[in-house]
Amino acid sequence: VRPAAMAAERALAMATCTAPVNIAVIKYWGKRDTDLILPINSSLSVTLHQDQLKTTTTAAASRDFTEDQLWLNGKEADVGHPRVQACLREVRRLARKRRGGGEDAAALSLSYKIHIASENNFPTAAGLASSAAGYACLVSALARLYGLEEELSEVARRGSGSACRSMFGGFVQWQRGERPDGSDSLALQVAPETHWPELRVLVLVVSGEKKPVGSTAGMQTSVETSPLLKHRAEVVVPERLAQMMQHIRERDFEGFGQLAMRDSNQFHATCLDTFPPIFYLPDVSRHIIALAHRYNAHHGHTKVAYTFDAGPNAVIFALADTVAEFVEVVRRSFPPATNGDQFVRGLPVGSAALPPELEAAVLTEPVPGAVQYILHTKPGPGPQLVDDPSQHLLGPDGLPRSRA
Ligand code: DP6
């Protein structure tokens with residue numbers, strides 16, 4: 001190495017980004033390539049606002065670091081995890097390609113070891129799709145560190161399939177792609193978060209329990225054993241995807257909500273069709289489903305729509321003018337066990353009194369404590385760069401800051 005070039009290299013570089021969680025309304029379930037994480041069908045999601053749910057990640061590189069290191073929520077974690085390594089390798093490959101082998105003396109050396117610290121602003125144990133936000137954030141922070149400006153959903157996909165959709169805000173499609181190398185399996189923004197200002201999201205956190213079968217293992221068993229999943233991927237999803245895009249374009253809540261519920265139900269049906277079967281929805285989740293249908297039936301149209309991923313938490317879509325009433329319905333159906341913790345969190349929720357006819361038609365025997373809390377949020381933007389250096393999760397020594 002030429003001494004002049006070496007001197008010009010920066011000794012320590014650091015970048016911090018935040019990234020959002022997303023919730024699919026046309027579900028991804030099943031891979032055609034498990035290594036490259038290529039799906040058997042396209043999917044479509046809504047990116048949730050980072051004011052309520054986000055991951056923050058700082059990536060640093062220095063000639064003084066002796067090994068790659070990773071900290072998750074303050075605890076050291078395995079940086080050798082194959083998916084973390086895949087993301088790192090891909091980002092570095094792109095950085096190398098970008099430099100075209102030419103000597104860019106001011107560029108950060110690609111041979112430096114890196115330190116990564118990542119944390120969530122929500123309890124990881126709550127099962128709120130933290131891997132999507134986590135990998136989207138990792139890739140965004142690494143890209144910043146190495147000065148990459150291209151679209152990187154293809155890299156985030158290597159961390160976790162659903163993570164590619166967290167690389168954009170608003171309404172996002174992950175197109176399955178056709179090529180065996182995965183170069184056309186990427187995320188595309190269908191509409192920005194400003195497209196549907198009245199849309200709201202309620203996350204009903206029902207349980208801190210770990211899910212019985214993780215998505216990665218579960219979907220593989222489904223691919224191997226479920227004929228329903230094959231039919232879904234080949235026939236159902238292509239039709240639904242086109243319909244869902246139209247409902248979003250037209251801001252048609254009736255169509256959007258109906259299809260979101262049907263697609264969630266079909267995903268869980270493919271889990272039951274998997275052999276041995278997988279059950280992600282406990283009693284409380286089914287109670288919420290029944291409650292949503294009674295509520296909609298009472299109003300004579302779709303006011304709320306539920307969707308469930310590989311776990312028991314319900315994600316409810318509603319328009320802003322429905323939130324207060326439905327939250328009251330949930331509170332009455334699942335009265336909080338303790339008054340200590342806030343039952344409703346996130347965006348403010350107004351108060352609503354339930355008309356007696358609604359109470360009679362919609363409420364049944366309450367199940368106290370079944371819903372831990374409700375998080376009120378809305379669609380939000382994609383990954384963000386954090387400019388303020390005081391927000392870095394790593395200190396000038398490259399180690400996690402002891403945060404109060
Ligand atoms: C049910 O993206 O977590 O949430 O690609 O193996 O990491 P891997 O799986 P993951 O699966 C998400 C499945 C889902 C549906 C969805 O988000 O589309």
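Atoms within a ligand are numbered from 1 in the order they appear, just like the ligands themselves. Remember, predicted model here, so these are calculated numbers, not experimental data.
Heavy-atom contacts of Thr216 reach the following atoms of ligand 1: 6 (O), 7 (O), 8 (P) (cutoff under 4.0 Å). Annotation for ligand 1: atoms under 4.0 Å from non-hydrogen atoms of Ala24 are 16 (C), 17 (O), 18 (O). Shown in contact with Gly161 at under 4.0 Å from a heavy atom are these atoms of ligand 1, numbered in order with element: 2 (O), 5 (O), 7 (O), 8 (P). Listed by number with element, the atoms of ligand 1 under 4.0 Å from a non-hydrogen atom of Ile37 are 5 (O). Annotation for ligand 1: atoms under 4.0 Å from non-hydrogen atoms of Ser215 are 3 (O), 9 (O), 11 (O). Counting the atoms of ligand 1 from 1 in the order shown, those under 4.0 Å from a heavy atom of Arg83 are 6 (O), 7 (O), 8 (P).
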#### Entry: Worked verdict on Glu234 versus Arg232 for salt bridge (Lys or Arg N to Asp or Glu O under 4.0 Å)
CA-CA 6 Å; Glu234 287 171 4; Arg232 166 178 166 75; over 6 Å; no

### Message
I'd like to know whether Tyr280 forms a ring-ring contact (aromatic ring centres under 6.0 Å, His included) with Phe308, so could you lay out the CA-CA distance, the side-chain angles of the two residues, the decisive distance to 0.1 Å, and finally the verdict.
### Response
CA-CA 9 Å; Tyr280 287 120; Phe308 296 82; over 10 Å; no

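Ring-plane geometry between Phe253 and Trp196 is classed as perpendicular, the angle between the planes exceeding 60 degrees on a 0 to 90 degree scale with a lower cut at 30. Between His301 and His299, the ring planes lie perpendicular to each other; the angle is over 60°, past the 30° to 60° tilted range.
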In residues 160-168, what donor-acceptor pairs under 3.5 Å come from side-chain atoms, sequence neighbours left out?
| residue | atom | partner | partner atom | Å |
| --- | --- | --- | --- | --- |
| Ser160 | OG | Ser131 | OG | 3.3 |
| Arg165 | NE | Asn22 | OD1 | 3.2 |
| Arg165 | NE | Ser45 | OG | 3.0 |
| Arg165 | NH1 | Ser43 | OG | 2.9 |
| Arg165 | NH2 | Asn22 | OD1 | 2.8 |
| Ser166 | OG | Pro20 | O | 2.7 |
| Ser166 | OG | Asn22 | ND2 | 2.9 |

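Shown are Asp263, Thr270, Thr307, Asn41; of these, the side chain to side chain donor-acceptor pair (under 3.5 Å) with Lys27 is made only by Thr307. When the options Asn120, Asn73, Asn121 are evaluated for a side chain to side chain donor-acceptor pair (under 3.5 Å) with Thr55, the one that passes is Asn120.
Trp174 does not count as a contact of ligand 1, since none of its heavy atoms falls under 4.0 Å from the ligand.
A salt bridge between Glu359 and Arg332 is present, with a side-chain N of the basic residue lying under 4.0 Å from a carboxylate O of the acidic one.
Here's the thing with Lys31: one of its N/O atoms is less than 3.5 angstrom from an N/O atom of ligand 1. Considering both main-chain and side-chain atoms, Asn22 never comes within under 3.5 Å of ligand 1 through any nitrogen or oxygen pair. Polar contact with ligand 1: present for Ser160 (N/O pair, distance under 3.5 Å). Residue Ser162 has at least one N or O atom closer than 3.5 Å to an N or O atom of ligand 1. Of the polar atoms of Ala163, none of the N or O atoms is found under 3.5 Å from an N or O of ligand 1, judged by distance alone.
The nearest non-hydrogen atom to atom 17 (O) of ligand 1, considering only Gln220, His268, Lys27, Arg165, comes from Arg165. Remark: among candidates Arg158, Arg157, Met219, the nearest residue to atom 11 (O) of ligand 1 is Met219, based on non-hydrogen atoms. Evaluated by nearest non-hydrogen atom to atom 12 (C) of ligand 1, the leading choice among Phe267, Tyr28, Tyr280 is Tyr28.
When the side-chain contact (heavy atoms from CB on, under 4.5 Å) test is applied to Val190, the partners found at least two apart in sequence or on another chain are Phe171, Gln173, Met245.
In this structure, the side chains of Ile23 and Phe317 come closer than 4.5 Å at one or more pairs of heavy atoms.
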